[in-house]
Amino acid sequence: MAIPRLERLLNLTAALLDTSVPLTAEQIRHRVDGYEKTGDAFGRQFERDKDALREMGVPITVRPAPETDPPVSGYLIVPTEYYLPDPGFTGDELAVLHLAGRMVGFDETGTSSGLWKLGGNPSSEGEASSQEQDAPITSLPGDPNLAVVFAAATSQGSVRFTYHGKERTVHRPALGFRRGHWYLVGWDTASQQPRTFRFDRIDGIVDPVDSPEPTATEVTVSRSSLGSLEPWTLGLEPVVRATVRFDATVAPTVLHEVGSSTVSARHPDGSVEITLDVTNRDGFLAWVLGHLDHALVLAPPEMVDLVVGRLRTLSEGVR
Amino acid sequence: MAGAPRATDRLRRLLSMVPFIAAHPEGVSITEICTRFGISETQLLRDLEVVMMVGVYPYTPDSLIEVFVDDDTATIRLADYFARPLQLTPAEGLALSAGLAALAAVPGAEIDGVVTRTVEKLTGLLGERSTTGSHPIDVDLGVVAGDVFDAVDGARRDQTRVEIDYYSVDSDERTTRTIEPAQLWNVGGYWYVSGFCHRAGETRVFRLDRIAEAHGTTETFSRTPDLLEEDLAFTDPDLPRVRLRVAARSAWLFDGLSVETLPPGPDGSVEVVLAVVSRRWLEPLLVQAGRDVEILEIDERLGTATIIADTAARVLARYDTA
């Protein structure tokens with residue numbers, strides 16, 4: 001009876017882990033249970049198995065096998081590249097990981113297999129912990145480029161991609177999620193400063209690229225760059241300090257969003273004036289207009305003219 | 001799951017399961033293995049039957065993995081090469097880190113620093129931290145005052161009524177209402193709570209950042225069947241519709257709002273159909289999109305094709321008189 005593929009895959013993994021010297025394909029054929037010893041099937045079987053293991057993240061190293069002349073390719077798994085060190089998660093930390101897994105709306109397979117590697121679900125399926133059952137629901141969306149940027153983020157690497165038609169190389173990227181969208185923040189080589197990019201505006205695929213040693217200035221790209229993802233800050237225009245007055249109906253909501261440290265005046269009718277540093281006029285305009293007649297831009301004159309100009313154009317338009 | 005599980009899926013699970021069982025020389029209960037790894041007892045026994053045939057050359061009894069299964073316990077020995085699971089892949093690291101970052105953004109999730117500790121340990125597994133010591137991934141689920149969240153979530157868990165000071169976009173005014181919070185969720189960067197509203201006399205959905213204040217009460221209520229996101233008002237077929245064409249660069253304003261999915265035009269512009277409860281919800285979107293939006297069809301209950309010009313004129317009036 002033919003040996004099931006699962007058994008053969010396990011035998012292959014065991015053999016590659018157990019050996020300290022690279023094994024040639026011929027050696028594998030004869031020493032690993034499950035391969036056709038004669039005939040043409042072995043080549044195909046072995047290639048398929050190697051691909052399957054590599055796709056799972058199993059690191060198969062290829063090196064010249066010893067005592068072969070001319071050198072013949074040999075295969076093995078380097079233990080330090082395979083084994084996951086024991087992270088020592090306590091029961092409550094594993095429970096937190098499990099709860100965290102439920103917050104991710106993308107890659108259910110990756111979430112499950114990741115959790116298995118860390119010890120699996122510690123609580124019984126029948127009685128989900130009260131924390132899990134009652135937890136507020138959220139479900140992060142995914143993006144095809146998240147994984148490659150994350151890999152660069154955890155290894156001090158760099159990435160290259162096309163954004164609005166231009167190629168960009170970014171060092172030391174970090175990932176941020178704001179207002180339902182994923183952002184990439186990092187050192188932009190083209191402009192020589194930290195920049196923020198929205199994932200859904202990246203054209204095509206992000207590629208990892210070789211990364212030089214970080215310079216002192218690059219190292220200052222920190223979480224604070226990620227923090228200010230308000231629409232009026234996502235730009236590189238010269239800073240303009242703008243003042244806007246919001247009436248009482250919307251003031252509490254606006255202050256939740258921008259923080260009360262921006263308040264420059266409070267009025268008896270409940271309205272407030274806030275002051276913001278604007279580096280993206282379009283973003284500022286869109287945000288202010290979203291509040292319709294509850295917002296009034298007070299200063300500087302160029303900003304007032306910008307808003308009035310836009311409103312005038314729209315009010316004259318006939319659609 | 002339809003059909004038999006594939007060999008590669010079973011392998012993925014076994015590379016974690018075998019080390020786990022082997023790490024307990026006295027054995028692990030079958031029930032615990034099934035719970036931890038999300039597998040049925042039948043599938044587990046099938047997998048263990050395969051494992052006991054696995055080993056290294058020459059596959060004599062002393063070079064095969066030893067698997068013992070009695071009534072309720074499984075034991076594994078002689079599997080040194082499977083002593084530890086495989087390293088986390090970047091995709092797995094991403095999923096878990098993103099989930100933890102999202103959890104850290106939920107008010108009240110951090111109890112005794114457990115989330116921070118878990119993030120530290122996971123980051124240690126994923127490779128070097130960035131030089132600045134900051135984390136590679138940060139999630140912000142939206143702004144909400146901590147005390148508002150606590151009051152509403154607390155009322156939800158305790159099933160007590162809560163009084164909220166709420167700005168309603170539809171009526172464009174701030175009112176006080178008593179609600180019975182049922183479900184709390186986050187989407188698109190905003191927190192929402194659904195619940196029976198005594199002022200409206202029916203179940204409503206509220207955005208937490210529009211609540212200025214929330215005060216708990218001691219009045220209890222019994223939970224009505226949970227309201228799912230999909231049941232919400234904006235899928236009601238009787239709601240007035242508006243059909244728009246939006247230029248590519250402003251399409252993001254309408255993300256997730258269209259009740260119909262239509263393919264983008266050759267220039268990247270999109271057609272969206274919105275189901276609208278009130279005109280005041282629609283107006284800001286139209287004004288923000290400005291000249292990038294064209295009204296194709298609009299229900300007369302919402303307005304006419306001049307709605308954008310009319311709204312802009314109204315806002316402009318504030319500047320003329322200021």
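Quick note on labels: first sequence line is chain A, next is B, and so on, each numbered from 1.
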Next item on the list: Could you give me the CA-CA distance, side-chain angles and deciding distance for B/R318 and A/D293, then say whether salt bridge (Lys or Arg N to Asp or Glu O under 4.0 Å) is met?
Entry: CA-CA 7 Å; B/R318 278 215 72 187; A/D293 42 1; over 6 Å; no
Next item on the list: Enter the distance from B/L296:CG to B/R245:CZ here, rounded to the nearest 0.5 Å.
Entry: 6.5 Å
Checklist line | Part of B/V56 within contact of chain A (heavy atom distance under 4.5 Å) | finding: side chain
Notebook entry, point to check: Checking B/Y81 side chain against A/A15 main chain: does a donor-acceptor pair fall under 3.5 Å?
Noted result: no
Check: Side chain, backbone, both or neither: which part of A/L140 has a non-hydrogen atom closer than 4.5 Å to chain B?
Finding: side chain
Next item on the list: Indicate the atoms forming the closest heavy-atom contact of A/V32 with B/Y59, along with that distance.
Entry: CA-OH, 3.3 Å
Checklist line | Over-ring placement of B/R84 relative to A/Y83, 6.0 Å and 45° cut-offs | finding: no
Next item on the list: Counting only heavy atoms closer than 4.5 Å, note whether A/V148 contacts chain B via side chain, backbone, both or neither.
Entry: neither
Margin query: Between B/R314, B/E213, B/R207, B/M17, who has the most heavy-atom pairs with chain A when the cutoff is under 4.5 Å?
Written below: B/R314
Check: Does B/R36 reach the side chain of A/L115, with side-chain heavy atoms less than 4.5 Å apart?
Finding: no
Notebook entry, point to check: Taking 4.0 angstrom as the limit, do A/D49 and A/R8 come out as a salt bridge?
Noted result: yes
Notebook entry, point to check: Between CG of B/L208 and CG of B/L184, what distance do you get to the nearest 0.5 Å?
Noted result: 6.0 Å
Next item on the list: State, yes or no, whether a side-chain contact exists between B/I295 and B/V293 at a heavy-atom distance under 4.5 Å.
Entry: no
Item checked: Pairwise side-chain contact, B/W185 with B/S194, heavy-atom cut-off 4.5 Å (strictly under) -> yes
Checklist line | Heavy-atom proximity to chain A below 4.5 Å, by part of B/L285 | finding: neither
Check: Distance only, no hydrogens: is a donor on one side chain within 3.5 Å (strictly under) of an acceptor on the other, for B/E92 and A/S113?
Finding: yes
Next item on the list: Could you tell me which portion of A/L255 (side chain, backbone, both or neither) has an atom closer than 4.5 angstrom to a non-hydrogen atom of chain B?
Entry: neither
Margin query: I'd like to know which of B/R13, B/M53, B/E283, B/E173 tops the heavy-atom pair count under 4.5 Å against chain A.
Written below: B/R13
Margin query: Heavy-atom cut-off 4.5 Å, strictly under: side chain, backbone, both or neither for A/L16 against chain B?
Written below: neither
Check: Tell me, side chain or backbone of A/R198 under 4.5 Å from chain B's heavy atoms, or both, or neither?
Finding: side chain
Next item on the list: Please determine, among B/D165, B/V119, B/V54, the option with the most heavy-atom pairs under 4.5 Å with chain A.
Entry: B/V54
Note to self: If the threshold is 4.0 Å, N to carboxylate O, is there a salt bridge linking A/R54 and A/D51?
What the structure shows: no
Notebook entry, point to check: Do you know which of B/I307, B/L88, B/L286 has the most heavy-atom pairs with chain A at a distance under 4.5 angstrom?
Noted result: B/L88
Item checked: Proximity breakdown for A/S112 and chain B, heavy-atom pairs closer than 4.5 Å -> neither
Check: Does any heavy atom of chain B fall under 4.5 Å from the side chain of A/A248, the backbone, both, or neither of them?
Finding: backbone
Margin query: When you measure from the side chain of A/W182 to the backbone of A/P141, do you find a donor-acceptor pair of N or O atoms at a distance under 3.5 Å?
Written below: yes
Margin query: Given heavy-atom pairs under 4.5 angstrom as the criterion, report whether the side chain, backbone, both or neither of A/V297 touches chain B.
Written below: both
Checklist line | Heavy-atom contact with chain A under 4.5 Å, split by part of B/F37 | finding: both
Item checked: Under 4.5 Å from a heavy atom of chain B, the part of A/V58 involved -> both
Checklist line | Partner residues of A/H291 under the ring-ring contact (aromatic ring centres under 6.0 Å, His included) criterion, sequence neighbours left out | finding: A/F246, A/W287
Next item on the list: Under 4.5 Å heavy-atom distance to chain B, tell me which part of A/A295 shows up: side chain, backbone, both or neither.
Entry: backbone
Margin query: Below 4.5 Å, heavy-atom pairs only: which of B/D80, B/I33, B/D112, B/D172 has the largest tally toward chain A?
Written below: B/D172
Item checked: chain A interface, residue from B/T89, B/L11, B/L100 that has the most non-hydrogen pairs under 4.5 Å -> B/L11
Note to self: Does any backbone or side-chain atom of B/I65 lie under 4.5 Å from a heavy atom of chain A? Answer side chain, backbone, both or neither.
What the structure shows: neither
Note to self: Does any backbone or side-chain atom of A/D282 lie under 4.5 Å from a heavy atom of chain B? Answer side chain, backbone, both or neither.
What the structure shows: neither
Check: chain B heavy atoms under 4.5 Å from A/L118: which part of the residue, side chain, backbone, both or neither?
Finding: side chain
Checklist line | Proximal component of B/T311, with respect to chain A [non-hydrogen, under 4.5 Å] | finding: side chain
Item checked: Beyond-backbone contact of B/R117 with A/T90, side-chain heavy atoms, under 4.5 angstrom -> yes
Next item on the list: Pick one of side chain, backbone, both or neither for B/T304, based on which atoms fall under 4.5 Å of a heavy atom in chain A.
Entry: neither
Notebook entry, point to check: Which bit of A/E81 comes within less than 4.5 Å of chain B, counting heavy atoms only: side chain, backbone, both or neither?
Noted result: backbone
Checklist line | Nearest heavy-atom neighbours spanning A/F150 and B/G93 | finding: CE2-C, 3.4 Å
Notebook entry, point to check: Does any heavy atom of chain A fall under 4.5 Å from the side chain of B/Y166, the backbone, both, or neither of them?
Noted result: neither
Notebook entry, point to check: Quick one: of A/T111, A/V308, A/D33, who has the most non-hydrogen atom pairs under 4.5 Å with chain B?
Noted result: A/D33
